[in-house]
Each structure stands twice: as structure tokens, then as C-alpha cells.
> 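Before we start, here is the structure in question, set down as C-alpha cells.
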2 protein chains.
Amino acid sequence: MTSPFSFARFSNVSARKQEILEIAAQLFATKGYRGTSIRDIGNRAGVLGGSLYHHIKSKNALFVELHNAALDAAAERIEQAVAKVHNPAARLEAACVTFVEIQVDVDSLTFPMMSDFREVPDDVRKELIARRDRFENFFRRLVDELALPPEIDRSVYRNALLAQLNSVPNWYRPGRLSAAEIGRQIALIFLPDEAARTRPA
Amino acid sequence: MTSPFSFARFSNVSARKQEILEIAAQLFATKGYRGTSIRDIGNRAGVLGGSLYHHIKSKNALFVELHNAALDAAAERIEQAVAKVHNPAARLEAACVTFVEIQVDVDSLTFPMMSDFREVPDDVRKELIARRDRFENFFRRLVDELALPPEIDRSVYRNALLAQLNSVPNWYRPGRLSAAEIGRQIALIFLPDEAARTRPA
DNA sequence: CCTACCGATCGGTAGG
DNA sequence: CCTACCGATCGGTAGG
């Protein structure tokens, strides 16, 4: 067993490169972009830093590749979870639950990647932001489906919801509540009518 | 005019050191902790990096000092804004509005400081987290005052609210809505009953 | 506040 | 995948 990860996220890639990508993802998640050196990644992979350049083009390119793979995997999981549901509020709740499950899953590449854009070089940041659009557009549609009080600004609402979901790893500690329960709690905050509906009269 | 900042936040400190602190705060806010070098700060202050060590003890100590001053100033402003109000929901709304105003005010030391704890060394992170307690306890009381649906977990609610407010600088772009309007929108999300109360029947 | 420097670390490369 | 190295940059210091 060379890695705690067990998914096949990178199909056109050698087994060795998959190992390296997974190690790098874990380190970026824990230490951030600047806090993870090429030599750190090499250490965990059992080689010297310079040897990694047979598999990667640059640290920047490695980070972009990981980030895009993580975003795509998360988008796919969330879209699948939502597709089974038809009530707009329940669709948003399903998205929240799945999003939080991904965020707190240590076996998921996805959890690190969304934040700390200030740490990456300017040109890398531009690529990452552009790629986030699939994600944001999907949530834009989810939010537009909802019946909300007219004084709610849907743009603020959507940004707030995404920021909320992204922030979960910053404060969540495993134990008392499951990831699904956290996701449902976030949905309760953003969907008060749902709360009212399930509240004992 | 040596600096765009015009508040006297550090009282027992020479004018020159105040300049340096303000420059450092701006740079940390924009570039993050690791992205800001001692030489960067020196450049903006018109001296070489090494010369700063007459005024500061270390980069770590500088960051901790700034972070604590920013937290205390923000806590004070928010507590003052809330003290004038008595309805629990209105108190929370006042806290949200003031918090967002601080966060997006470029003339405020405060806006940078709350996040990217992963970037700082481990021992620094411990100090910062300890100091955050005043802030969190104040919001704990604000939240405990509220009438909320019984199925809402108040711990998740409080963490979600703080994460929300902290995330504003990550997505807010000046123009369409003012800081106060953003703060009110966030309060609307977290206080659905208030939204209902002000909604035309 | 500068000169002049230290030891460490960084991303990356040539050549095998 | 390693050896051996590059140029750059980092936080920090001694001595004036």
C-alpha cells in the first residue's frame, strides 16, 4: 500500500505519477502552496526533489493540474447527488451535504483546493479562477431555482453559500456531528422555509 | 503624507514604527504572510530589510503584534456598534454590518488578518488562535440571545456566521452594493424571521 | 539606518 | 532516478 487514496482520478497517467499527484495533493492541503516545497513532495515519494521533474513540468503546473482535477471531481459528485432530487430546496440541501462530505473527506483530493488563492503566483491564480466557473454556474442555477424573499440579493446569497461551504474545513472538527449533519445545518441556515416546514408547529 | 492610514492604533510606539506597522499590515493583507518578505516591507518604508530590525524583533513577532492590534480594534468597534441596540436580532445585524465595514475598509488594519492561518509557523498560529477567543465569545453571546428554530445547532451557526463574515473580502467587489448592504444581506440570510418581518405581506 | 554578510532554502536543470 | 549544481531569495545579524 503506497497511498491512502484509492480512486482513479487521473486516467492517462502512470501509476507512479498518480502516487506523486496524491502525495502533492495531501501536502498542498495541509501546508498550502508556498508551504509545500518540491523537496517535501520528493521526500514523501522517496526520491529527491529534482527527480520529480521527470513527471511534472513545474510546481505551478502541478498545482493547476491538481486543482482542476479536484474541482471536476467535486462538481461531478455534487451534480450526481443533485440530479436525483427535484424540489429546489431539497436540491440545494443535497448539494450542501455532498459538498461538505467532499470537503471533510481526507481520502478526497478535493478538500484543500478551493482557497488560499493569495498564495499562488498571479498567472496561476488567473487559471484557477477561470476554471471555477463550472462550479459557480452550477450553484447559480441551484440558487435561481429557489423561492427566496424578494429582498434577498441572489448574488450575495450565492457567494455567501459557496464561501460557507468552502470554510467548513477551517472550523470543522470530527466527532460530534457528521459531515452530512453539517451540510444539513448549513442548508437550514440558507433555507429557513425548509426549517419551518420540518419544525413541529 | 507618508501613509494612507490615519488612525492612532499603537499608542506606545514611535511615529516611525507606526508607519512600518501600517505598511506591513497592508502587505500582509495583500500578499499573505509568506508572500510578504522583510525586504518588501523595507522597500515600501524606504529602507533596506535589515534596517527594520531596529524596530521589530522578528517577522513572526511583527505579524502577531499586527494581528492582535487588528483583532482588538475590530472587537472594540463591533462591541460599540452593538451596545446601542437591544433587540437580539438587530444586535446581530449591527455586528454583521460593522464587521463587513471593517473587512472591506482599506484604511482599516483589520481586514486582512483573520484567515490563512496555514501560512504562519506553528507556534505563531497557536498565539493567534488563543487571541481570537475574545471575538468568538462575543459572537457566542450574540448568537445565544437569538430565538432560533430548535433544530439549528448554535455552534455550527456561530462558526458559519464568522466564516461568512471573514470570507467577504474574498468575493466582495466594490460598486453595486455598499459594505453595509452586504452586512445586512448576510444578516437576512442568518435571520430569516427578520426578513419575514420586513417583507411586504 | 547602511554595508556586508551568514546559513538555509527555494524551484529548477544538465548530464548521466 | 541520482549527483551536483545554478541563481535567487529568505530571515536575520555584526559592526559601525
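We use all heavy atoms of the structure for the numbers below, so side chains are in, but hydrogens, waters and symmetry mates are not. It should be emphasised that the depicted structure is a prediction, and the values quoted were computed from it without experimental measurement. Note on naming: letters A, B, ... go to the chains in the order of the sequence lines (proteins, then strands), and numbering restarts at 1 for each one.
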> Checking A:E127 now: which residues fulfil salt bridge (Lys or Arg N to Asp or Glu O under 4.0 Å) with it, not counting sequence neighbours?
none

> Could you pull out all residues at least two apart from B:R158 that satisfy side-chain contact (heavy atoms from CB on, under 4.5 Å)?
B:F139, B:R140, B:V143, B:S155, B:L162

> Nearest whole angstrom, please: distance from the P of C:dC1 to the CD of B:E19.
9 Å

> How long is the gap from CZ on A:F190 to CG on A:L161, to the nearest 0.5 Å?
5.0 Å

> Restricting to salt bridge (Lys or Arg N to Asp or Glu O under 4.0 Å), what partner residues turn up for B:D144, sequence neighbours left out?
none

> For A:R44, which residues count as a salt bridge (Lys or Arg N to Asp or Glu O under 4.0 Å) partner, sequence neighbours excluded?
none

> Under the side-chain contact (heavy atoms from CB on, under 4.5 Å) test, which residues partner B:R125, sequence neighbours left out?
B:F117, B:V120, B:D122, B:I129

> Listed by chain and number, what are the side chain to side chain donor-acceptor pair (under 3.5 Å) partners of B:R173, not counting sequence neighbours?
none

> Check whether any side-chain nitrogen or oxygen of A:H55 sits under 4.0 Å from OP1 or OP2 of D:dC1, and answer yes or no.
yes

> For residues 51-64 of chain A, run the donor-acceptor check on the side chains, cut-off 3.5 Å, and write out each pair with its distance to 0.1 Å, sequence neighbours left out.
unit_1: A:S58; atom_1: OG; unit_2: A:A61; atom_2: N; d: 3.0
unit_1: A:K59; atom_1: NZ; unit_2: A:Y33; atom_2: O; d: 2.9
unit_1: A:K59; atom_1: NZ; unit_2: A:T36; atom_2: O; d: 2.7
unit_1: A:N60; atom_1: OD1; unit_2: A:Y33; atom_2: OH; d: 2.3

> Separation of B:L48 atom CG from C:dA4 atom P, in whole Å?
11 Å

> For nucleotides 10-16 of chain C, read 5' to 3', which letter fits each nucleotide if B means a protein heavy atom sits under 4.0 Å from the base, S means only the sugar-phosphate is that close, and - means neither?
BBBB---

> Taking Watson-Crick and G-U wobble pairs with both distances under 3.5 Å, convert DNA chain C into its dot-bracket string, 5' to 3', dots for unpaired and | for cross-strand pairs.
||||||||||||||||

